[in-house]
Number of protein chains: 2
Amino acid sequence: MPKDTFYNLPEEKRQKIIDAAMLEFENNSFDSASINQIISSAQISKGSFYQYFDDKKDLYKHIIELMIQKKMTYITPAMQNPFAHGFFEVIRDMNQSGLEFAKNHPRFTKIGNLLLRNPSHPIYLEIISGGQEQAYKAYEMLLNRAIETGEVRSNIDVAFTAKMIFKLSSEFILEESDLTAENWTEGLAELLNKFMSLLENGIKAK
Amino acid sequence: MPKDTFYNLPEEKRQKIIDAAMLEFENNSFDSASINQIISSAQISKGSFYQYFDDKKDLYKHIIELMIQKKMTYITPAMQNPFAHGFFEVIRDMNQSGLEFAKNHPRFTKIGNLLLRNPSHPIYLEIISGGQEQAYKAYEMLLNRAIETGEVRSNIDVAFTAKMIFKLSSEFILEESDLTAENWTEGLAELLNKFMSLLENGIKAK
DNA sequence: AAGTCATATGACTAGCAAGTCATATGACTA
DNA sequence: TAGTCATATGACTTGCTAGTCATATGACTT
């Protein structure tokens, strides 16, 4: 975490540093991101940087933390209390909020994608850790419940299907998060419908 | 492409260099792979390296070329002449051969994944270029044909479905290519069945 | 034996990186 | 006014990188 000196900074200067860091991490992997570049862009000295953060990793984790905080605000009622809602409704909400986050925070999205696409990097293990596994488990619980309630046919392989839905959702959001601004809203709704239709045809109870 | 001097080398020495390069590119992105590391591992001098290859990119492209050659040997009759075979058979073959390649050539697979996961890198554009787009188009042609023949229901969005099948196949192979050796053959067959079942339920004509 | 030519070498250049540290500033305190 | 303390600075160290080049080797030719 950033040092006290960082939080003591005037809001404006702090934001300038965050902006500079995001600009660098948007366009570079963790390894190839340069602190020299960041401080030059934020117009602070090398020494100051190291009085705000322990090292590059410290700064990076802070940016990721900010992203997670932002993402939290996109949780819908159905996501917060999934068992009280229909399975397909929950899945739809998750994808919709994912798409909306990507739309509203393209810079965070880019940084997140760079992280997600480098699972072999040590920093991935440190940050994502068991998150992926937990997500699979969550999907499995939802699927099991949906089979109980009769929403989903019972002859699927739950673990496998959970993984596939997770993967497909991620790819779906990654791939389509570059829709142009003007047709965004309609494009989103339409895409989501196609996606859900594919999914529902695949596993919905007949 | 490598220089003549490289091809004049005794087979054994050439292989040692390829091995060293693969070891490095398996565990590092193109940028962070180190020529110093490669020459040290291959036990050749810096000067020699630059008499075999123009630069790091030259070597890297050669490795990718070797991988493509290997992959070519996995093409099945159904893949070579897809319109003479059933749609789901072709898709099944493509995934099966993808899985088999991953199993038999885990080192190439790892290198390929690192490349595929960095679409923002200049080298990606240079090597993959429009390959992805071509793949989408190929899937679209197959889907259109399958709709004509009545294998696939006609009320799907072809372009969207093509993308999703492509993405899902890639992820499926990536994710499952780490099955353990002993249960490989049965595991593969079972997985493929689950995958195809999900797909067929999703888009097969009723 | 003398000459030629492909191949091999590693010291060297130039550049960039992360992180350190002695020094400076300037506000607030006693 | 003198002292203290948080903050700011950039030259510097250390360590890495890709790529170059003068020099050396040794096989084969004339």
Side-chain angles (χ1 to χ4, degrees), chain A residues 1-64 114 118 121-123 126, chain B residues 1-64 114 118 121-123 126:
Chain A
M1 49 195 293
K3 301 178 182 176
D4 286 342
T5 48
F6 179 66
Y7 291 109
N8 293 341
L9 252 34
E11 165 69 20
E12 199 183 84
K13 188 168 185 179
R14 216 162 55 219
Q15 197 51 52
K16 196 170 182 182
I17 294 168
I18 295 297
D19 270 349
M22 284 181 67
L23 184 64
E24 186 68 4
F25 287 125
E26 265 172 75
N27 298 308
N28 299 91
S29 70
F30 176 77
D31 279 335
S32 60
S34 156
I35 288 179
N36 286 343
Q37 195 56 50
I38 293 170
I39 61 172
S40 138
S41 155
Q43 289 170 286
I44 59 170
S45 69
K46 197 71 167 277
S48 288
F49 177 86
Y50 284 95
Q51 257 169 340
Y52 305 149
F53 303 94
D54 288 329
D55 49 26
K56 184 159 71 163
K57 199 167 79 179
D58 191 23
L59 168 62
Y60 185 71
K61 281 177 155 178
H62 181 58
I63 300 287
I64 299 293
L114 277 176
N118 276 291
H121 196 286
I123 197 109
E126 197 164 336
Chain B
M1 49 193 295
K3 301 178 184 178
D4 286 342
T5 48
F6 179 66
Y7 290 109
N8 293 340
L9 252 31
E11 164 68 20
E12 199 184 83
K13 188 167 184 179
R14 215 161 56 220
Q15 197 51 52
K16 196 169 181 183
I17 294 168
I18 294 299
D19 271 349
M22 284 181 67
L23 184 65
E24 186 68 3
F25 287 125
E26 266 171 75
N27 298 307
N28 299 91
S29 70
F30 176 77
D31 280 336
S32 59
S34 157
I35 288 179
N36 287 344
Q37 195 56 49
I38 292 170
I39 61 172
S40 138
S41 155
Q43 288 169 289
I44 59 170
S45 70
K46 197 69 165 281
S48 289
F49 177 86
Y50 283 95
Q51 257 169 339
Y52 306 149
F53 302 95
D54 286 330
D55 49 26
K56 185 159 72 164
K57 200 168 78 179
D58 190 23
L59 168 62
Y60 185 71
K61 281 177 156 179
H62 181 58
I63 300 287
I64 299 294
L114 278 175
N118 276 292
H121 196 284
I123 197 111
E126 196 163 340

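Residue numbers start from 1 in every chain, and the chains themselves are labelled A, B, ... in the order their sequence lines are given, proteins ahead of strands. Fair warning: this is a prediction, and the values are worked out from it, not measured in the lab.
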Length of the line joining B/K46:NZ and C/dT13:P, which is rounded to integer Å: 14 Å
Whole-Å distance between C/dA17 P and A/D31 CG? 13 Å
Who does C/dT29 pair with, Watson-Crick or G-U, both distances under 3.5 Å? D/dA2
Base, sugar-phosphate, or nothing: which does A/K57 touch, judged by heavy atoms less than 4.0 Å apart? nothing
On DNA chain C, does the nearest nucleotide to A/S48 precede the nearest nucleotide to A/N36 from the 5' side, or the other way round? Give the residue. A/N36
Any strand is fair game: report the nucleotide pairing with C/dA8 by Watson-Crick or G-U wobble, both distances under 3.5 Å, or none. D/dT23
If you pin B/N8 and A/D54 to their nearest nucleotides in DNA chain C, which one's is more 5'? B/N8
Say you draw a straight line from CG of A/N27 to CD of A/Q37; how long is it, rounded to the nearest 0.5 Å? 10.0 Å
Taking A/K56 for the side chain and A/A33 for the main chain, is one N or O donor matched with an acceptor at less than 3.5 Å? yes
In whole angstrom, what separates A/L59's CG from C/dA18's C1'? 13 Å
Using purine N1 to pyrimidine N3 plus N6-O4 or O6-N4 for Watson-Crick, or N1-O2 and O6-N3 for G-U wobble, both under 3.5 Å, which nucleotide pairs with D/dC16? C/dG15
Check the angle between the aromatic planes of B/F25 and B/F30 and answer parallel, tilted or perpendicular using the 30° and 60° thresholds. parallel
Are A/D31 and A/N118 packed together at the side-chain level, in the sense that at least one heavy-atom pair is separated by less than 4.5 angstrom? no
Start and end of chain B contact along DNA chain D [non-hydrogen atoms, under 4.0 Å]: D/dT17 to D/dC21
Working note: A/Q15 + A/I18, criterion side-chain contact (heavy atoms from CB on, under 4.5 Å); need CA distance, chi angles, decisive distance, verdict. CA-CA 5 Å; A/Q15 197 51 52; A/I18 295 297; 4.0 Å; yes
When the distance from OH of A/Y52 to C1' of C/dG19 is rounded to whole Å, what number comes out? 16 Å
With a 4.0 Å cut-off on heavy atoms, is A/K13 in touch with a base, just the backbone sugar-phosphate, or nothing at all? sugar-phosphate
Close side-chain approach of A/T5 and A/L9, heavy atoms under 4.5 Å: no
Please give the nucleotide sitting opposite C/dA1 as a Watson-Crick or G-U wobble pair, both distances under 3.5 Å, or none. D/dT30
Classify the ring geometry between B/Y52 and B/F6 as parallel (under 30°), tilted (30 to 60°) or perpendicular (over 60°). tilted
Using atom OH of B/Y50 as one end and atom P of C/dA11 as the other, report the distance to the nearest whole Å. 17 Å
